[in-house]
Structures are given as C-alpha cells and as structure tokens.
J.: 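I have a structure here, written as structure tokens, and I will follow up with some questions on it.
All figures in this text were calculated on a predicted structure; none of them were measured in a lab.
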Amino acid sequence: MLQPNRVKYRMIHRGHVRGRASTGNTLAFGDFGLQSLEAAEVSAREIEAARRAIVHHLRRGVMLWIRVFPDKPLTKKPAETRMGSGKGALDHWVAVVRPGKMIFEISGVKEDAARAAFRLAAHKLSVETKIVVKGAE
C-alpha cells in the first residue's frame, strides 16, 4: 500500500476539504482518466484496491498513472477507551481528493476497455467519479 517513507510530524490536524481541485484536474499523461466529482478522503487501501481492479481487468500493454498519494495520517483511539488521555495512535493514511481531481489515468487501450476497467475501479472508491476521455473534455 502507498504511504510516505517519512513525515515531519506523525499526527496532523484534520482540516477541511473545501473547494474544487485547482491542480491535477486535467489529463496530463494518459488518454483516459477517472475524475472525482466530490470531496473526500480516499484511503490507501481504496487506492490499492482500485489499482488492482484496473490492472486485473486490462492485463498487459497498458500504462497506468496514479495521480493521488495518501500523505495525510489519520489517527484512531482503541475501542472502549475513556475520553481524554491524548490523541489516538496512527491508524491509516488518506489522500485528500477534491472535486475535479484526476485519480487515475491510463493509455494504451481502447475506450470500451478503459471504461470497463474504470467502472470496476470506481466501485472500490468512496467517492463519486466520472470517466474523462482526451479530446472530449
């Protein structure tokens, strides 16, 4: 799974996921892309599951780009723990995804195969998505 090699601070504030994606909102590498339609925090497990679904469906001869990286740590306190006693331990990593952000891009396949692969990948993600085709943006 994706996660940073090292970070400056182990625990960070949650913050707010507001506004549209200003960068990474167009196709930069591939011919087809999976674009987010809503704001969310996509976990590293979801990204990996979607990546595996795409690779499994398309087999060989395809280039795949993952345009998001889970660099935000989320913490969680153990179950049945009393209030207080500080912040919980690191639980998992998430990528902050805003509306319009390109999550995956692929090239080297036909459009129907790309749409089928992205449909399978979209089921693995906790965010509403759409498929973008180069030239038809």
J.: Can you list the other members of the hydrophobic cluster that holds Ile12, where links are side-chain heavy atoms under 4.5 angstrom apart?
T.: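 Members besides Ile12: none; it forms no cluster.
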
J.: Given the rule that I, L, V, M, F, W and Y join up when any side-chain heavy atoms are under 4.5 Å apart, are Val109 and Val55 in one cluster?
T.: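 Yes; Val55 is reachable from Val109 via cluster members.
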
J.: Using a 6.0 Å cut-off, check whether atom NZ of Lys124 has over 12 heavy atoms from anything other than its own residue.
T.: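 Not more than 12 within 6.0 Å, no.
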
J.: What closest approach, in Å, do Leu58 and Ala117 show between heavy atoms, and which atom pair accounts for it?
T.: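 The answer is CG-CB, 3.8 Å.
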
J.: Heavy atoms, side chains only, cut-off 4.5 Å: are Asp31 and Ile106 in contact?
T.: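 Result no, sub-4.5 Å side-chain heavy-atom pair not found.
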
J.: If you group Ile, Leu, Val, Met, Phe, Trp and Tyr by side-chain heavy-atom gaps below 4.5 Å, do Leu125 and Trp65 land in one group?
T.: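 No.
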
J.: Is any side-chain heavy atom of Phe118 less than 4.5 Å from a side-chain heavy atom of Thr129?
T.: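 Sidechains of Thr129 and Phe118: no contact.
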
J.: Between Ser126 and Glu46, is a side chain to side chain donor-acceptor pair (under 3.5 Å) present by the stated rule, with each step listed?
T.: CA-CA 8 Å; Ser126 63; Glu46 292 174 26; 2.9 Å; yes

J.: Looking at every heavy atom in both Ala40 and Val17, which two are closest together, and how far apart are they?
T.: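 So the minimum-distance heavy-atom pair works out to N-CG1, 4.2 Å.
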
J.: Just how far is it from atom NZ of Lys130 to atom CD of Glu128, taken to the nearest 0.5 Å?
T.: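 Reported to 0.5 Å precision, the distance equals 12.0 Å.
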
J.: Side-chain atoms of residues 79-104: list all donor-acceptor pairs with protein atoms under 3.5 Å, sequence neighbours left out, distances to 0.1 Å.
T.:
{"from": "Thr81", "atom 1": "OG1", "to": "Pro78", "atom 2": "O", "distance (Å)": "2.8"}
{"from": "Arg98", "atom 1": "NE", "to": "Arg18", "atom 2": "O", "distance (Å)": "3.0"}

J.: Please answer: with hydrophobic residues joined when any side-chain heavy atoms are less than 4.5 Å apart, are Ile47 and Val7 in the same cluster?
T.: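 Ile47 does not cluster with Val7.
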
J.: Determine yes or no for a side-chain-to-main-chain donor-acceptor pair under 3.5 angstrom, with Gln35 supplying the side chain and Asn25 the backbone.
T.: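 Pair found, side chain donor or acceptor close to backbone of Asn25.
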
J.: Glu111: what forms a salt bridge (Lys or Arg N to Asp or Glu O under 4.0 Å) with it, not counting sequence neighbours?
T.: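 With neighbours one apart ignored, the set is Arg115.
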
J.: What's the separation between atom CZ in Arg20 and atom CG in Leu37, rounded to the nearest 0.5 Å?
T.: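 Output value for this atom pair is 8.0 Å.
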
J.: Short question: side chain of Glu105, backbone of Ala28 - any donor-acceptor pair under 3.5 Å?
T.: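 Indeed, once roles are kept as given, a pair shorter than 3.5 Å links the two residues.
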
J.: Give the C-alpha distance, both sets of side-chain angles, the deciding distance and a yes or no for side chain to side chain contact (heavy atoms under 4.5 Å, CB included) between Gln3 and Phe69.
T.: CA-CA 8 Å; Gln3 71 179 43; Phe69 186 79; 5.6 Å; no

J.: Would you mind reporting whether Arg51 and Leu64 have side-chain heavy atoms less than 4.5 Å apart?
T.: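 Yes, close enough: below the 4.5 Å cut-off.
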
J.: Is the NZ atom of Lys77 crowded by more than 12 outside heavy atoms at less than 6.0 Å?
T.: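 Check passes, neighbour count above 12.
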
J.: Quick one: does Val62's side chain get under 4.5 Å of Ser107's, heavy atoms only?
T.: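 No, their side chains stay 4.5 Å or more apart.
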
J.: Kindly determine whether Leu27 and Val132 satisfy side chain to side chain contact (heavy atoms under 4.5 Å, CB included), including the steps that lead there.
T.: CA-CA 8 Å; Leu27 287 171; Val132 178; 4.1 Å; yes

J.: Do Leu74 and Arg14 come within less than 4.5 Å of each other through their side chains, counting heavy atoms only?
T.: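 Leu74 reaches Arg14 side chain to side chain.
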
J.: Do Ile131 and Ile66 land in one hydrophobic cluster if side-chain heavy atoms of ILVMFWY residues count as linked below 4.5 Å?
T.: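 Looking at the clustering, Ile66 is in the same group as Ile131.
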
J.: So do Val127 and Val42 actually touch side chain to side chain, heavy atoms under 4.5 Å?
T.: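 Yes; the side chains approach each other to less than 4.5 Å.
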
